[in-house]
Amino acid sequence: MKFSTKEDIEAPIEAVFDAVSQFAIFERAAIRRGADVQRVDALAEPGVGMSWDAQFKLRGRDRKLTVRVIEFEKPTRIAAQATSPGMIGRFEIDLIGLSRTRTRMAVALDVQPQTLSARLFVQSLRLAKSTLTKRFKLRVAEYAKDIEDRYASSA
């Protein structure tokens with residue numbers, strides 16, 4: 001099951017890339033939502049190989065997830081793979097500089113079930129695909145607006 005959207009951001013591509021590669025912000029956001037997140041790599045700089053283990057509750061059950069950065073091409077692309085028992089997900093952010101002060105951010109999430117129970121879970125998500133797609137697009141739009149606001153206040 002795949003979700004994707006695009007947002008235009010009033011900021012240079014380098015500033016947008018710096019914002020989307022601040023992984024500590026994502027860690028703190030997950031912790032605020034109740035997840036237990038542990039960084040498990042020893043890299044000093046952001047890049048391929050960064051990885052995290054996370055535990056959280058979803059639909060009343062404890063879930064475990066391992067996330068690993070698999071592509072890090074400054075300033076145009078970041079991709080991460082998330083694996084959990086029964087499921088594999090891929091999250092991609094592609095940036096395109098439209099002008100010196102405008103960047104298009106394309107975000108995609110693809111979830112692939114690997115077991116029968118995961119297939120049933122994804123099937124239940126398919127029934128709510130339009131609602132989930134709207135929520136996904138809204139969250140990405142809010143994040144793009146936040147990047148825009150942070151850039152405008154720092155410039």
Side-chain angles (χ1 to χ4, degrees), residues 1-41 43-59 63-84 87-112 121-122 124-155:
M1 187 151 102
K2 189 166 187 171
F3 299 95
S4 62
T5 188
K6 295 177 185 172
E7 288 292 327
D8 290 350
I9 302 171
E10 289 294 329
I13 191 169
E14 293 82 11
V16 175
F17 187 86
D18 289 344
V20 299
S21 62
Q22 291 180 358
F23 298 108
I25 291 173
F26 297 115
E27 286 178 41
R28 288 192 300 272
I31 291 168
R32 278 195 306 272
R33 291 187 171 99
D36 178 29
V37 180
Q38 299 292 321
R39 178 124 177 240
V40 293
D41 66 85
L43 295 175
E45 294 289 318
V48 172
M50 292 179 75
S51 56
W52 299 263
D53 285 338
Q55 293 181 337
F56 54 95
K57 276 197 181 284
L58 179 67
R59 292 190 171 188
R63 311 287 178 165
K64 292 183 180 182
L65 184 70
T66 300
V67 179
R68 185 166 193 270
V69 175
I70 56 174
E71 292 180 47
F72 193 86
E73 299 170 15
K74 189 171 185 169
T76 59
R77 182 172 175 76
I78 296 175
Q81 182 168 326
T83 55
S84 69
M87 212 172 298
I88 296 175
R90 184 176 172 100
F91 184 78
E92 300 172 349
I93 299 175
D94 289 303
L95 303 175
I96 301 167
L98 301 175
S99 70
R100 294 167 87 192
T101 60
R102 192 166 180 82
T103 303
R104 177 162 294 149
M105 178 174 67
V107 181
L109 172 65
D110 190 16
V111 179
Q112 299 291 324
F121 175 71
V122 170
S124 71
L125 294 178
R126 280 196 176 99
L127 297 173
K129 177 117 165 117
S130 64
T131 303
L132 292 172
T133 299
K134 286 177 192 172
R135 197 179 304 170
F136 179 78
K137 288 182 178 191
L138 179 64
R139 288 266 171 99
V140 171
E142 288 171 353
Y143 183 62
K145 181 73 170 125
D146 183 52
I147 292 171
E148 220 171 69
D149 293 345
R150 280 189 281 157
Y151 175 74
S153 67
S154 70

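As a basis for the values below, the full set of heavy atoms in this structure was taken, side chains included, without hydrogen atoms, waters or symmetry mates.
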### Message
Quick check for you: to the nearest 0.5 Å, what is the distance between Arg28 atom CZ and Arg33 atom CZ?
### Response
13.0 Å
### Task
Decide yes or no on side-chain contact (heavy atoms from CB on, under 4.5 Å) for Ser21 and Ile78, but give the supporting numbers first.
CA-CA 8 Å; Ser21 62; Ile78 296 175; 3.8 Å; yes
### Query
Which pair of non-hydrogen atoms, one from Leu95 and one from Pro75, has the smallest distance, and what is that distance?
CD1-O, 3.6 Å
### Query
Is the closest side-chain donor-acceptor distance between Asp53 and Gln55 under 3.5 Å?
no
### Message
Can you give me the closest heavy-atom contact between Arg68 and Gly49, atom names plus distance?
### Response
NH2-CA, 3.8 Å
### Message
Looking at Glu71 and Arg90, is any side-chain nitrogen of the basic one under 4.0 Å from a carboxylate oxygen of the acidic one?
### Response
yes
### Task
Evaluate the side-chain proximity of Glu27 to Gln38: yes if any heavy-atom separation is below 4.5 Å, no if none is.
no
### Task
Would you please indicate yes or no on a ring centroid separation below 6.0 angstrom for Phe72 and Phe17?
yes
### Task
Would you kindly check if the NZ (Lys) or CZ (Arg) of Arg63 is within the cone defined by 45 degrees around the ring axis of Phe121 and under 6.0 Å from the six-membered ring centre?
yes
### Query
Counting only heavy atoms not in Lys129, do more than 12 fall under 6.0 Å of its NZ?
yes
### Non-hydrogen side-chain atoms of Glu148 and Lys145 separated by less than 4.5 Å
yes
### Beyond-backbone contact of Val107 with Phe136, side-chain heavy atoms, under 4.5 angstrom
yes
### Query
Roughly how far, to the nearest 0.5 Å, is the CZ atom of Phe3 from the CG atom of Leu109?
6.5 Å
### Message
Using side-chain heavy atoms (C-beta onward) and a distance below 4.5 Å, is Phe56 in contact with Leu65?
### Response
yes
## Note on the structure
From the list Arg77, Arg104, Lys6, side-chain hydrogen bond (donor to acceptor under 3.5 Å, both in side chains) partner of Asp94 resolves to Arg77
### Query
Taking side chain as C-beta onward, heavy atoms only, is Val122 less than 4.5 Å from Met87?
yes
### Summary
Between Ala30 and Val37, the two heavy atoms sitting closest are CB-CG2, 3.8 Å
### Summary
Smallest heavy-atom separation, Lys137 atom then Ser4 atom, equals CE-O, 3.7 Å
## Note on the structure
The ring pair (Phe, Tyr, Trp, His ring centres under 6.0 Å) partner of Phe26 among Trp52, Phe91, Tyr143 is Tyr143
### Query
Taking C-beta and beyond as the side chain, do Ile96 and Thr76 meet within less than 4.5 Å on heavy atoms?
no
### Summary
Between Ala144 and Met105, the two heavy atoms sitting closest are CB-CE, 4.0 Å
### Task
Could you check Leu125 against Leu132 for side-chain contact (heavy atoms from CB on, under 4.5 Å), going step by step and ending with a plain yes or no?
CA-CA 8 Å; Leu125 294 178; Leu132 292 172; 3.8 Å; yes
### Task
For residues Ile13 and Thr103, report the shortest heavy-atom separation together with the two atoms involved.
N-OG1, 3.0 Å
### Under-4.0 Å salt bridge between Asp36 and Lys64
no
### Message
Ile70 vs Met50, test: side-chain contact (heavy atoms from CB on, under 4.5 Å). Steps then yes/no.
### Response
CA-CA 8 Å; Ile70 56 174; Met50 292 179 75; over 6 Å; no
### Task
Report yes if the side chains of Arg39 and Asp41 come closer than 4.5 Å at any heavy-atom pair, otherwise no.
yes
### Query
Could you go step by step and tell me if Gln81 and Val67 meet the side-chain contact (heavy atoms from CB on, under 4.5 Å) rule?
CA-CA 6 Å; Gln81 182 168 326; Val67 179; over 6 Å; no
